[in-house]
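Lettering follows sequence order; numbering is per chain, from 1.
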Protein chains: 2
Amino acid sequence: MHRYEAIRAELLNRIRSNVWPPGFSVPREEDLAEEFGVARGTVRRALASLVAAGLLERRKRAGTRVVEPTSHQSTLKIPIIRHEIETQGRQYGYRRLSASDGIITHDHQDLFAGASLRHIVCLHLGDGSPYQLENRLINVDLVPEALNEAFAEISPNEWLLAQAPYSSVRTTMRAAAAHGDAATYLALPTGAPVFVIERITRLDGVPVTHVVMTYSGSQFELVTETDDLRWTRNNPAVIAR
Amino acid sequence: MHRYEAIRAELLNRIRSNVWPPGFSVPREEDLAEEFGVARGTVRRALASLVAAGLLERRKRAGTRVVEPTSHQSTLKIPIIRHEIETQGRQYGYRRLSASDGIITHDHQDLFAGASLRHIVCLHLGDGSPYQLENRLINVDLVPEALNEAFAEISPNEWLLAQAPYSSVRTTMRAAAAHGDAATYLALPTGAPVFVIERITRLDGVPVTHVVMTYSGSQFELVTETDDLRWTRNNPAVIAR
DNA sequence: AAGTGGTCTAGACCACCGC
DNA sequence: CGGTGGTCTAGACCACTTG
């Protein structure tokens with residue numbers, strides 16, 4: 001175990017055991033360094049990990065304080081659908097339903113106002129049965145290569161991830177009732193609960209793509225796991241069923 | 001702008017512009033340090049931020065490589081329900097529906113097998129109308145103070161967050177159809193789509209609490225935002241492959 | 001104004017693991 | 001075995017912010 005890990009563990013202990021209760025003002029870096037007999041940089045690293053975990057809060061001049069817990073947080077990872085399905089040991093299938101181009105002058109969110117768009121609707125299947133309906137708009141001004149891609153064999157999901165860089169992603173999740181085309185394509189009765197993920201991806205503020213992904217059935221689950229707090233650790237979300 | 005930020009931006013640029021395509025082997029730290037005219041530590045910091053963002057992958061001796069993009073990731077934050085409702089500018093309301101104690105000898109997940117439990121069912125309201133149904137089991141062996149708390153005024157959600165430390169959280173989200181008690185309490189017709197969050201909180205592997213939160217209606221949305229990549233931000237590292 | 005966290009340096013040594 | 005990333009040090013200086 002490295003020194004910064006040991007220090008982090010000890011600090012974590014003090015927080016958990018309420019020796020350092022919420023609101024408590026933690027000693028300055030220099031004092032901690034002296035206490036643990038290490039360089040200031042090593043203490044800094046331990047502290048940084050606890051800040052990243054949302055347990056400490058630091059401000060210049062004001063010092064370091066233990067945070068009042070107000071929320072849970074964890075890292076959510078949404079994999080490429082093909083991988084998601086294959087990880088379940090099922091055969092991945094893909095079907096393009098429609099592809100068209102056009103210029104949007106107005107849309108309900110004014111997201112793409114004025115941009116040239118490519119509109120793709122497609123279906124992802126697991127062992128032949130519908131798994132996810134993907135309804136996607138691509139900003140062709142930003143990703144002109146999308147015009148030459150038919151998306152007959154490869155899904156926009158996968159293609160874009162490989163092609164288009166992005167700087168910010170906004171993801172929305174909700175429960176909805178299946179209706180119309182979605183119900184038909186997903187082979188669900190109208191009104192059946194479906195899990196919907198909507199995502200807007202931007203590059204330097206400009207929308208690259210907007211996608212609505214509707215998952216078949218209500219059995220869909222997203223799992224996020226926050227394991228122990230480690231600095232280099234990953235807490236990947238797992239897709240379970 | 002700090003030096004490590006400038007370096008990170010430049011490296012990010014090379015990755016985005018495919019000057020450094022996926023799989024590309026990035027120069028060693030020492031060479032980068034020389035190229036940018038900084039100390040090795042400064043380059044390391046820039047690289048660490050890109051690793052945390054999932055864009056680079058590092059292995060000793062093997063060097064640093066640009067990762068093949070395979071998924072989106074972002075930080076998900078689930079706030080205290082009261083705050084969530086109040087943030088919407090609505091009046092928070094709380095109603096305990098039931099509270100009971102017992103020992104569970106067997107449960108479907110064998111989660112609490114053998115533990116003494118406290119079972120609370122309660123309702124969170126926004127402007128008087130049902131917002132979320134909370135169905136919670138608390139491990140009293142770990143949190144004995146819960147026995148003396150009636151949860152008549154304060155919700156277990158809030159109480160536990162203030163009282164009980166935890167080391168790992170497992171969150172599951174799904175769409176479901178409202179039925180039975182849930183439908184009644186949430187004033188929804190049977191079969192209406194509801195968003196369900198299930199959470200198991202552990203302290204050093206031992207389950208502290210298990211909660212199923214059912215949100216009324218389909219209007220519920222969770223939003224995760226991945227802003228720009230910052231080092232001090234809450235982007236727990238993800239390498240996962 | 002001063003004290004805190006934040007950045008940066010120029011070194012040293014270690015440990016893993018691919019050649 | 002050697003080269004890479006990983007850890008750690010003992011300094012210096014900066015900049016924010018609050019008492």
Side-chain angles (χ1 to χ4, degrees), chain A residues 1-12 14-15 20 23-67 229-234, chain B residues 1-12 14-15 20 23-67 228-241:
Chain A
M1 189 191 259
H2 295 235
R3 276 142 104 87
Y4 77 91
E5 288 181 297
I7 294 171
R8 183 184 111 333
E10 170 56 22
L11 301 185
L12 188 54
R14 296 183 187 177
I15 295 170
W20 288 357
F24 181 82
S25 188
V26 172
R28 11 196 292 270
E29 292 178 349
E30 213 169 329
D31 291 347
L32 288 174
E34 193 184 352
E35 179 192 342
F36 291 111
V38 298
R40 192 178 148 220
T42 306
V43 162
R44 273 191 68 71
R45 179 152 186 190
L47 289 171
S49 124
L50 294 173
V51 169
L55 294 175
L56 292 180
E57 193 177 45
R58 320 192 70 188
R59 277 201 314 278
K60 292 182 196 181
R61 172 77 185 168
T64 303
R65 302 189 90 86
V66 177
V67 159
L229 320 160
R230 296 286 293 265
W231 198 62
T232 52
R233 237 203 151 260
N234 46 334
Chain B
M1 189 191 256
H2 296 220
R3 276 143 103 89
Y4 78 89
E5 289 181 296
I7 293 171
R8 181 183 115 325
E10 170 57 21
L11 300 185
L12 188 54
R14 295 184 188 177
I15 295 169
W20 289 357
F24 180 82
S25 187
V26 171
R28 13 196 291 271
E29 293 179 349
E30 213 169 329
D31 291 348
L32 288 173
E34 192 184 353
E35 179 193 342
F36 291 110
V38 298
R40 189 176 151 224
T42 307
V43 162
R44 272 191 69 71
R45 177 154 188 186
L47 289 171
S49 129
L50 294 173
V51 169
L55 295 175
L56 293 181
E57 193 179 44
R58 321 192 71 189
R59 278 201 311 277
K60 291 182 195 180
R61 172 75 186 167
T64 303
R65 302 190 91 86
V66 177
V67 160
D228 207 0
L229 321 160
R230 296 289 291 267
W231 196 65
T232 53
R233 263 203 109 250
N234 302 337
N235 26 9
V238 168
I239 307 169
R241 255 179 166 261

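- When rounded to the nearest whole Å, the span between CD of B/E5 and P of C/dC8 equals 8 Å.
- In the set D/dG5, C/dT7, C/dT9, D/dG5 carries the atom at the smallest distance from any side-chain atom of B/R28.
- Counting non-hydrogen atoms under 4.0 angstrom, B/G63 reaches the backbone sugars and phosphates but no base.
- Taking atom CD of residue B/E57 and atom C1' of nucleotide D/dG6, one finds them 16 Å apart after rounding to whole Å.
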Verdict with supporting geometry, A/L32 and A/V26, side-chain contact (heavy atoms from CB on, under 4.5 Å): CA-CA 9 Å; A/L32 288 174; A/V26 172; 4.0 Å; yes
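- Checking the phosphate oxygens (OP1, OP2) of D/dT7, a side-chain nitrogen or oxygen of A/Y4 falls inside 4.0 Å.
- One interatomic measurement links the two molecules: CZ of A/R44 to P of C/dT7, which rounds to 6 Å at whole-angstrom precision.
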Show me the protein contacts with nucleotides 14-18 of chain D, counting only N or O atoms at under 3.5 Å.
from	atom 1	to	atom 2	distance (Å)
D/dT18	OP1	A/R59	NE	3.2
D/dT18	O2	A/R61	NE	3.1

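- The nearest whole Å value for the distance from the CD atom in A/E34 to the C1' atom in C/dT4 is 17 Å.
- Looking at B/R65, its side chain does come within 3.5 Å of a backbone N or O of B/G23 through a donor-acceptor pair.
- Contact check for B/L56 versus B/V67: no side-chain heavy atoms found under the 4.5 Å cut-off.
- Considering only side-chain N and O atoms, B/T64 lies nowhere under 4.0 angstrom from the phosphate OP1 or OP2 of D/dT4.
- The residue among A/A39 and B/V26 whose nearest nucleotide of DNA chain D is located toward the 5' end is B/V26.
- Across every non-hydrogen atom of A/Y4 and A/A46, the tightest pair is O-CB, 3.6 Å.
- Between the C1' atom of C/dT9 and the CD atom of B/E29 lies a distance of 15 Å, rounded to the nearest Å.
- By the 6.0 Å contact criterion, CD on A/E34 is open, its count of non-hydrogen atoms from other residues, nucleotides or ligands being 12 or less.
- Of the side-chain N and O atoms in B/T42, one or more sit less than 4.0 angstrom from OP1 or OP2 of C/dT9.
- Of the side-chain N and O atoms in A/R58, one or more sit less than 4.0 angstrom from OP1 or OP2 of C/dG6.
- Considering only the side chain of B/R40, C/dC13 comes nearest among D/dC8, C/dC13, C/dG6.
- Atom-to-atom distance recorded for A/R58:CZ and A/R44:CZ is 5.5 Å, nearest 0.5 angstrom.
- A donor N or O paired with an acceptor N or O is not found under 3.5 Å between the base of C/dG6 and the side-chain atoms of B/R45.
- In this structure, A/R65 places its CZ atom 13 Å from C1' of C/dT4, rounding to the nearest Å.
- The separation between A/L50 atom CG and C/dG5 atom C1' is 15 Å, rounded to whole Å.
- For A/R3 and D/dT9, the shortest distance from a side-chain N or O to OP1 or OP2 is below 4.0 Å.
- Straight-line distance from the CG atom of A/L32 to the P atom of C/dG3: 18 Å, rounded to whole Å.
- Across B/L47 and B/L11, no two heavy atoms sit closer than the pair CD2-CD1, 3.8 Å.
- Closest approach of B/V38 to B/R3, counting heavy atoms only: CG1-NE, 3.8 Å.
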